[in-house]
Amino acid sequence: METATLQPLAAALPPSPSLNHRILTATTVPHFKQIHAQILRSGLDISAPFLSRLLALPLASSPSSLDYALSVLLHSPSPDFRLANRALRALSSATDPRWTLVAYGRLRRAGLALDRFSFPTVLRAAARSGCYNEALQLFDEMKSSGVIPDRVILATILSACARTRNLTSGGAVHSYIVESNLSIDAHLQSALISLYSSCGSMDTAQRLYDDTSPKNLVASTAMVFGYAKLGKIAVARSIFDQMTDKDLVCWSAMISGYAESDQPNEALKLFNEMHLLGVKPDQITMLSVISACANMGARDQAKWVHIFVDKNGFHQILSIRNALIDMYSKCGSLVDARTIFDETAFKDVITWTSMITGFAMHGNGRSALAVFDHMISEGVKPNGVTFISLLYACSHAGLVDEGRRIFESMIQDYRLEPKHEHYGCMVDLLGRARLLQEALEFIESMPFAPNVVVWGSLLGACRIHGDVKLGELVARRLLELDPNHDGAYVLLSNIYAKASRWEDVREVRNLMKNKGVIKEAGFSWIELNGHVHEFMMRDKCHPRSNEIYGKLDEVVKELELVGYSPDTATVLVDLQEEEKREAILLHSEKLALSLGLIDSKKGSSIHIAKNIRVCNDCHTFMKLASKVFEREIVLRDRTRFHHYKDGVCSCGDFW
DNA sequence: CTAGGGTTAG
């Protein structure tokens with residue numbers, strides 16, 4: 001600790017008015033330094049008002065002035081808890097909460113401990129700036145220093161646990177509350193409900209919620225959020241519908257719930273409803289809406305949302321711009337994505353990664369790598385997600401050596417630890433390039449046990465290259481990990497079908513039936529004139545169904561003239577050949593295409609999206625249709641875009 | 001004072 005530079009008795013004297021006035025009107029660091037010198041000469045200890053003012057100014061946000069403020073504090077005659085607390089409070093209310101944490105770190109290193117008044121301030125700052133682990137650490141420190149946490153602290157710390165999905169710590173806090181016989185008020189109850197619903201423990205959350213009366217807005221929102229996260233969107237909706245006073249936060253929770261449960265259409269519908277009721281969205285709502293648009297891949301809707309964003313002043317917010325880049329990529333408009341990207345002056349790691357992902361999705365591996373190089377030259381540090389996108393870009397473009405190099409570089413140059421997803425991408429990359437043995441060895445060299453994603457990548461590669469033997473082995477491993485993995489059964493039977501091993505196909509199918517494993521239902525949608533039309537397989541729900549089926553017949557006949565013949569090999573159901581033919585011709589994307597052909601002209605492009613991967617037959621069908629009907633067909637499947645033009649697909653038939 | 005909703009990948 002530094003020695004005091006002033007006489008302690010000086011603290012008792014009132015500050016001189018002129019000095020006080022100078023403190024209150026100071027606006028720059030040099031100004032403060034002058035005053036500080038004067039204070040030191042005068043022998044008065046007025047560090048507290050001095051610091052309050054200094055720390056309350058926006059200039060305290062810069063590291064150098066923060067540094068100065070802290071040194072004043074630490075060198076003041078009596079750097080005590082109260083002063084430290086005042087400084088921290090001033091700092092936390094005026095600036096980025098992170099500075100409060102920085103300040104706290106410096107105070108600690110200088111030997112100053114926090115008192116019971118400082119803990120809430122720093123804890124809140126930690127929670128607000130997303131430093132949840134630090135918040136938990138502070139909570140432990142606080143308890144061991146004998147300070148009794150009050151409701152405010154407990155609610156804050158529960159929120160930190162909820163956000164980090166840390167049920168262990170959160171549960172401990174809950175026990176602590178029960179053991180210390182603290183009465184649980186509405187605020188704490190909501191915090192607890194939020195903890196359990198964030199962690200997916202809906203039974204516990206529901207029990208606590210049932211005990212609540214009347215139901216409060218915050219607790220109900222937490223319930224909506226929790227059920228939506230688990231995919232129980234109908235339950236979430238019924239709670240939402242029962243809420244009488246809805247505010248922006250609960251609208252947003254419900255909208256993002258739909259957006260993330262693959263119901264982007266519902267998300268947008270709800271957004272419209274909210275809009276009509278006059279509830280003004282904020283940036284968080286807009287992020288969900290943009291993300292819903294992205295998942296839907298609806299270009300007209302996307303344009304509308306973009307205009308809405310511009311009109312309502314959200315367009316300068318970086319996270320919004322990032323979401324827009326992603327949205328346009330996923331809607332098939334790489335050009336628009338690129339424009340926003342180029343017009344974004346300050347780019348963070350998400351901006352760059354979104355652009356890389358955009359190129360990757362469209363199979364443009366070289367551009368993805370170029371964006372990465374640019375990012376590095378701009379000094380932006382890539383994260384784990386960036387590398388997933390890069391590997392994925394290499395994989396879809398067949399850039400094997402580049403992929404290997406990037407994987408190594410991730411570890412060596414960027415000191416990032418590859419996770420399951422990264423290994424999965426590498427396996428995919430090697431597998432696609434027919435390096436199946438190397439892919440298997442790669443899996444065996446992993447430092448941790450491979451999961452279903454990693455095995456699934458290899459199984460997919462076995463399907464592409466028709467490796468029955470390895471496919472069987474991999475499927476077995478995969479089913480050991482997850483006996484109900486629908487993808488494993490489907491891929492395995494596809495592998496058998498490709499090898500014409502019908503007995504085995506039947507066996508896999510029976511196994512699925514006995515276990516009750518259901519293949520995810522495929523559906524497609526197409527946007528025409530701002531309207532989204534959805535199709536299931538064999539769907540006759542569309543009002544123009546007759547017209548669509550008539551068109552489909554016509555299309556099939558024309559394609560058969562140029563050599564198309566339905567590839568029934570992958571039909572899993574045991575049917576007569578004629579029925580198989582019918583089944584495959586009624587796949588949802590073919591229905592969507594038929595409608596698209598009716599409502600578009602030669603030379604235009606047709607955009608279709610699908611929730612699962614496109615089948616072999618539909619892929620061939622689209623290629624031929626693009627040539628015969630002179631349309632560019634853009635099909636987005638679960639992971640990537642296929643651009644069909646003049647009978648060729650951009651994916652090079654590996655997908 | 002404190003509690004509820006968010007962007008890149010999988």
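Here is how names work: the chains are called A, B, and so on, in the same order as the sequence lines, proteins then strands, and each is numbered from 1.
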| request: Sequence neighbours left out, what passes side-chain hydrogen bond (donor to acceptor under 3.5 Å, both in side chains) with Ser197(A)? Give chain and number order. | output: none
| request: For Asn312(A), enumerate each residue passing the side-chain hydrogen bond (donor to acceptor under 3.5 Å, both in side chains) test, keeping only those at least two apart in sequence or located in another chain. | output: none
| query | Over how many whole Å does the gap from Leu318(A) atom CG to dT8(B) atom P extend? | reply | 13 Å
| Which residues pass the ring pair (Phe, Tyr, Trp, His ring centres under 6.0 Å) test with Phe240(A), sequence neighbours left out? | Trp251(A)
| field | For Tyr392(A), all residues meeting ring pair (Phe, Tyr, Trp, His ring centres under 6.0 Å), sequence neighbours excluded | value | His396(A)
With a 4.0 Å limit, can you tell me whether [X] has a side-chain N or O closer than that to the phosphate oxygens OP1/OP2 of [N]?
X	N	value
Arg163(A)	dG4(B)	yes
Lys229(A)	dG6(B)	yes
Ser252(A)	dG4(B)	no
Lys330(A)	dA9(B)	yes

| remark: Sorted by number, residues from residues 380-393 of chain A placing a heavy atom under 4.0 Å from DNA chain B are Val385(A), Ile388(A), Ser389(A), Tyr392(A)
| Stretch residues 281-292 of chain A: residues that reach within less than 4.0 Å of DNA chain B through a heavy atom | Asp282(A), Gln283(A), Ile284(A), Thr285(A), Leu287(A), Ser288(A)
| task | Look at all strands and tell whether Asp247(A) reaches a base, only sugar-phosphate, or nothing, counting heavy atoms closer than 4.0 Å. | result | base
| message | What contact category does Leu158(A) fall into here, base, sugar-phosphate, or nothing, at under 4.0 angstrom with non-hydrogen atoms? | response | nothing
Pairs meeting criterion ring pair (Phe, Tyr, Trp, His ring centres under 6.0 Å) with involvement of [range], two or more places apart:
range	answer
residues 323-378 of chain A	His306(A)-Tyr328(A), Phe341(A)-Trp352(A), Trp352(A)-His374(A), His362(A)-Phe641(A), His362(A)-His643(A), Phe372(A)-Phe387(A)
residues 181-216 of chain A	His174(A)-Tyr196(A)
residues 259-290 of chain A	Phe271(A)-Phe308(A), His275(A)-Phe308(A)

| Got more than 12 heavy atoms from elsewhere within 6.0 Å of NZ, Lys143(A)? | yes
